[in-house]
Amino acid sequence: MNANPPLGPAGRWRGVIEEYQDFLPVTDKTPRVTLLEGNTPLIPSRSIGPSLPGRIQLYFKYEGVNPTGSFKDRGMTMAVAKAQEEGAQMTMCASTGNTSAAAAAYSAAAGMTAIVLIPDGYVALGKLAQALSHGARVIQVAGNFDDCLHLVREITDNYPVTLVNSLNPYRMEGQKTAAFEVCETLGWAPDFHALPVGNAGNITAYWWGYCEYYEQGLVASRPRMLGFQAAGAAPMVHGKPVENPETVATAIRIGNPARWQDAAQAVEESDGLVQIVTDDEILAAYSELAGTEGIFVEPASGAGVAGVKKLAVQGFFGDDPVTVVCTLTGHGLKDPDRAVALTAEPDKAPADLQTIVQMLGL
Ligand code: F0G
């Protein structure tokens, strides 16, 4: 039970730990707790990019196709593997949903128990279904993400339970591999990298990944990091915690990010920025991605794209050709309620050929 599976045939993708072991704090003894995460597509934009002013080559790093449907898998394979290596039996996280889904899945794969604290009523249905299905102990807390994280820090400090939020350094190590993949796919580092900011772990991890490849001489430059927060949950933009964060993008409904300082440093070192996008802008980008690119994401993933659109219209990217990568952090199936609420209800018809042909105007 839960033994390390044999590695696949040569040439097949083997998951983040195995593929990037030279860049990760792992040894032969580190269990490969993998669901073969990573190796996600970098999709050239066929509609949004070309429609923007300037000469922007826009790419989407589509992290929604990871095994649990979000970028969290890259960090969780590392965090759970190291927890198991260190003899832990239980993992624990606070989550707006995706971290809990990944923690639950990877803990199940490792034969461990995940405990997850989530803000009651603010976690998308797909994510809740995942955590429950993977057998996590799910506690819905009458509070927001920041309250949950506070409780998780207290508990993991005082009880034999391993914290797997992005405060866990192994999470960051795993997540930085997405930057490696972008460099490998393009053959160089992009000029700009845009992404939504919640707990501020991912923007930090990408920056660390780009820096590492740059310092190793594997790429000749590093991108400017562009972070986007929802208008009602933008502590980094306001420069102070937001007590009651609110946004339709529940994944980034966070008022006091744990990786705030690291992310601020990443933005500063890269000559980047953190800006606000409104819920309307987020949902417009979300719908445009689905409707014109064929890419289904969850609302939070729209934030990076909304931000790039906004900056492009302001002339931020200038007139020279630039490469911009947007991370699409989570799959649209995570939040089916939002998708259905934003679209028209399908027509109904009897099982009758004539009626349907007529309805279609054929
Ligand atoms: N996009 C999605 C889909 C997310 O789930 C998250 C974070 C982010 C963006 C922001 O990334 O926190 O590294 O800045 N979700 C966490 C969770 C908070 O609990 O699933 P971040």
Side-chain angles (χ1 to χ4, degrees), residues 63 70-72 74-76 79 92-100 102-103 116-119 122-123 127 141 143-154 156-157 163-176 178 193-209 225-270 272-279 282 298-304 306-307 327 329-330:
E63 290 287 278
S70 87
F71 69 95
K72 305 285 180 179
R74 293 180 185 277
M76 207 53 77
M92 187 171 193
C93 64
S95 183
T96 56
N98 281 324
T99 299
S100 67
V116 309
L117 301 195
I118 55 175
Y122 288 92
V123 167
K127 306 175 188 182
V141 175
N144 59 32
F145 171 85
D146 304 291
D147 300 320
C148 293
L149 185 57
H150 180 74
L151 291 162
V152 166
R153 290 174 84 154
E154 286 287 316
T156 53
D157 275 350
L163 176 144
V164 293
N165 279 105
S166 59
L167 285 162
N168 179 321
Y170 300 122
R171 277 277 312 277
M172 304 296 281
E173 292 289 328
Q175 279 176 214
K176 77 185 180 188
H193 193 118
L195 66 181
V197 173
N199 212 22
N202 210 29
I203 191 169
T204 306
Y206 267 95
W207 177 241
W208 291 355
M225 302 302 296
L226 310 175
F228 296 95
Q229 298 197 297
M236 290 185 65
V237 178
H238 298 310
K240 60 176 195 302
V242 173
E243 197 131 333
N244 295 305
E246 277 307 339
T247 167
V248 306
T250 52
I252 53 171
R253 187 174 167 272
I254 294 175
N256 192 8
R259 288 279 178 184
W260 184 333
Q261 293 315 321
D262 294 317
Q265 199 177 334
V267 167
E268 196 187 313
E269 284 175 9
S270 74
L273 53 79
V274 184
Q275 282 196 0
I276 279 176
V277 284
T278 65
D279 278 4
I282 289 172
E298 64 172 285
S301 302
T327 299
T329 47

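Counting begins at 1 with the first residue of the sequence. What you see below is based on every heavy atom in this structure, not just the backbone, and it leaves out hydrogens, waters and symmetry mates.
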Approximate separation, where rounding is to 0.5 Å, of His193 NE2 and Trp207 CH2: 12.0 Å
Nearest-0.5 Å distance that lies between atom CH2 in Trp260 and atom CD in Gln265: 15.0 Å
Counting C-beta onward and ignoring hydrogens, is there a side-chain heavy-atom pair between [X] and [Y] closer than 4.5 Å?
X	Y	value
Asp262	Trp208	yes
Pro245	Ile254	no
His238	Ile276	yes
Glu298	Asn98	yes
Val141	Cys148	yes
Thr96	Thr250	no
Arg259	Asn202	no
Met225	Leu195	yes

Are there over 12 heavy-atom neighbours, none belonging to Glu268, within less than 6.0 Å of that residue's CD? no
Going by side chain to side chain contact (heavy atoms under 4.5 Å, CB included), Arg253 matches just one of Val123, Asp146, Asn144. Which one?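 By the side chain to side chain contact (heavy atoms under 4.5 Å, CB included) criterion, Arg253 pairs with just one of Val123, Asp146, Asn144: Asn144.
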Without swapping roles, check the side chain of [X] against the backbone of [Y] for a donor-acceptor pair under 3.5 Å.
X	Y	value
Thr156	Leu163	no
Asn165	Leu167	no
Asp279	Thr247	no

Looking at Lys176, Arg171, Gln175, which hits side chain to side chain donor-acceptor pair (under 3.5 Å) with Glu173?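 Of the listed residues Lys176, Arg171, Gln175, the side chain to side chain donor-acceptor pair (under 3.5 Å) partner of Glu173 is Lys176.
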Pair Thr329-Ser70, side-chain donor/acceptor within less than 3.5 Å: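 Their side chains do not contain a donor-acceptor pair, so the 3.5 Å distance test is not met.
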